[in-house]
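So the structure is just underneath, and the comments pick up after that.
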Amino acid sequence: MPRYRPHVAARPSWRCRVCGAAWPCSPARLALLGEYREDRTALLIYLGTLLCEAATDLADLHGRDAAQGLVDRFVTWARAR
(Lines give C-alpha, C1' and ligand atoms only; values in the text may rest on other atoms or scores of the structure.)
Protein backbone atom coordinates (compact mmCIF):
# COMPACT_ATOMS: atom_id res chain seq x y z
CA MET A 1 0.00 0.00 0.00
CA PRO A 2 1.49 3.39 -0.97
CA ARG A 3 2.36 5.69 1.89
CA TYR A 4 0.68 9.11 1.92
CA ARG A 5 3.11 11.95 1.41
CA PRO A 6 1.90 15.37 2.52
CA HIS A 7 1.84 18.02 -0.17
CA VAL A 8 4.04 20.69 1.39
CA ALA A 9 5.82 23.67 -0.12
CA ALA A 10 9.45 23.58 -1.18
CA ARG A 11 10.93 26.92 -0.29
CA PRO A 12 11.97 29.31 -1.76
CA SER A 13 10.23 28.19 -4.99
CA TRP A 14 6.83 27.54 -3.35
CA ARG A 15 6.22 24.48 -5.52
CA CYS A 16 4.75 21.31 -4.04
CA ARG A 17 7.40 18.78 -2.99
CA VAL A 18 5.19 15.88 -4.11
CA CYS A 19 3.45 16.92 -7.34
CA GLY A 20 5.48 19.99 -8.39
CA ALA A 21 2.42 22.24 -8.78
CA ALA A 22 2.28 25.77 -7.42
CA TRP A 23 1.64 25.45 -3.69
CA PRO A 24 -0.93 25.20 -2.24
CA CYS A 25 -1.82 22.53 -4.81
CA SER A 26 -5.25 20.90 -4.83
CA PRO A 27 -4.29 18.07 -2.42
CA ALA A 28 -2.71 20.61 -0.04
CA ARG A 29 -5.85 22.76 -0.15
CA LEU A 30 -8.04 19.77 0.69
CA ALA A 31 -5.77 18.80 3.56
CA LEU A 32 -5.74 22.35 4.92
CA LEU A 33 -9.53 22.62 4.71
CA GLY A 34 -9.83 19.37 6.62
CA GLU A 35 -7.28 20.37 9.23
CA TYR A 36 -8.92 23.77 9.83
CA ARG A 37 -12.55 22.71 9.25
CA GLU A 38 -13.56 24.01 12.67
CA ASP A 39 -11.71 27.34 12.41
CA ARG A 40 -11.72 29.02 9.00
CA THR A 41 -10.38 32.25 10.52
CA ALA A 42 -7.26 30.46 11.77
CA LEU A 43 -6.76 28.97 8.29
CA LEU A 44 -6.93 32.41 6.70
CA ILE A 45 -4.45 33.83 9.22
CA TYR A 46 -2.08 30.91 8.58
CA LEU A 47 -2.37 31.32 4.81
CA GLY A 48 -1.86 35.08 5.10
CA THR A 49 1.35 34.47 7.01
CA LEU A 50 2.55 32.04 4.34
CA LEU A 51 1.55 34.54 1.66
CA CYS A 52 3.91 37.12 3.16
CA GLU A 53 6.74 34.59 3.32
CA ALA A 54 6.12 33.46 -0.26
CA ALA A 55 6.01 37.05 -1.54
CA THR A 56 9.41 37.73 0.00
CA ASP A 57 10.95 34.46 -1.26
CA LEU A 58 9.59 34.80 -4.79
CA ALA A 59 10.56 38.46 -5.04
CA ASP A 60 14.11 37.54 -4.02
CA LEU A 61 14.20 34.79 -6.67
CA HIS A 62 12.37 36.42 -9.57
CA GLY A 63 11.97 40.12 -8.85
CA ARG A 64 9.08 42.15 -7.47
CA ASP A 65 6.57 41.15 -10.17
CA ALA A 66 6.74 37.48 -9.15
CA ALA A 67 4.44 38.16 -6.20
CA GLN A 68 1.47 39.11 -8.40
CA GLY A 69 -1.47 36.75 -8.06
CA LEU A 70 -0.41 35.35 -4.72
CA VAL A 71 -3.53 36.52 -2.88
CA ASP A 72 -5.72 34.34 -5.11
CA ARG A 73 -3.25 31.47 -4.89
CA PHE A 74 -2.92 31.56 -1.10
CA VAL A 75 -6.03 33.14 0.41
CA THR A 76 -9.02 33.70 -1.86
CA TRP A 77 -9.78 29.99 -2.38
CA ALA A 78 -10.10 29.45 1.39
CA ARG A 79 -12.70 32.11 2.12
CA ALA A 80 -16.10 30.87 3.25
CA ARG A 81 -18.69 30.81 0.50
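In this chain, residues are counted from 1 in sequence order.
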Heavy-atom pair of closest approach, residues Ala10 and Arg17: CB-CG, 3.7 Å
Minimal non-hydrogen separation, Cys16 against His7, with atom names: SG-ND1, 3.2 Å
Main-chain N/O of Ala78 paired to Arg40 side chain as donor or acceptor, under 3.5 Å: yes
Contact summary for Asp57 and Trp14, nearest pair of heavy atoms: OD2-NE1, 3.0 Å
Side-chain donor-acceptor pairs under 3.5 Å in residues 42-54, sequence neighbours left out?
unit_1: Thr49; atom_1: OG1; unit_2: Ile45; atom_2: O; d: 3.0
unit_1: Glu53; atom_1: OE1; unit_2: Arg11; atom_2: NH1; d: 2.7
unit_1: Glu53; atom_1: OE1; unit_2: Arg11; atom_2: NH2; d: 3.2

Shortest non-hydrogen contact between Tyr4 and Ala31, atoms and distance: OH-CB, 4.5 Å
Cluster link Phe74 to Leu33, ILVMFWY, side chain under 4.5 Å: yes
Of Val75, Thr76, Leu70, the residue whose pairing with Asp72 passes side-chain contact (heavy atoms from CB on, under 4.5 Å): Thr76
hydrophobic_cluster_shared for Val71 and Trp77, side chain cutoff 4.5 Å: yes
Least distance between heavy atoms, Pro24 atom then Arg29 atom: O-NE, 3.0 Å
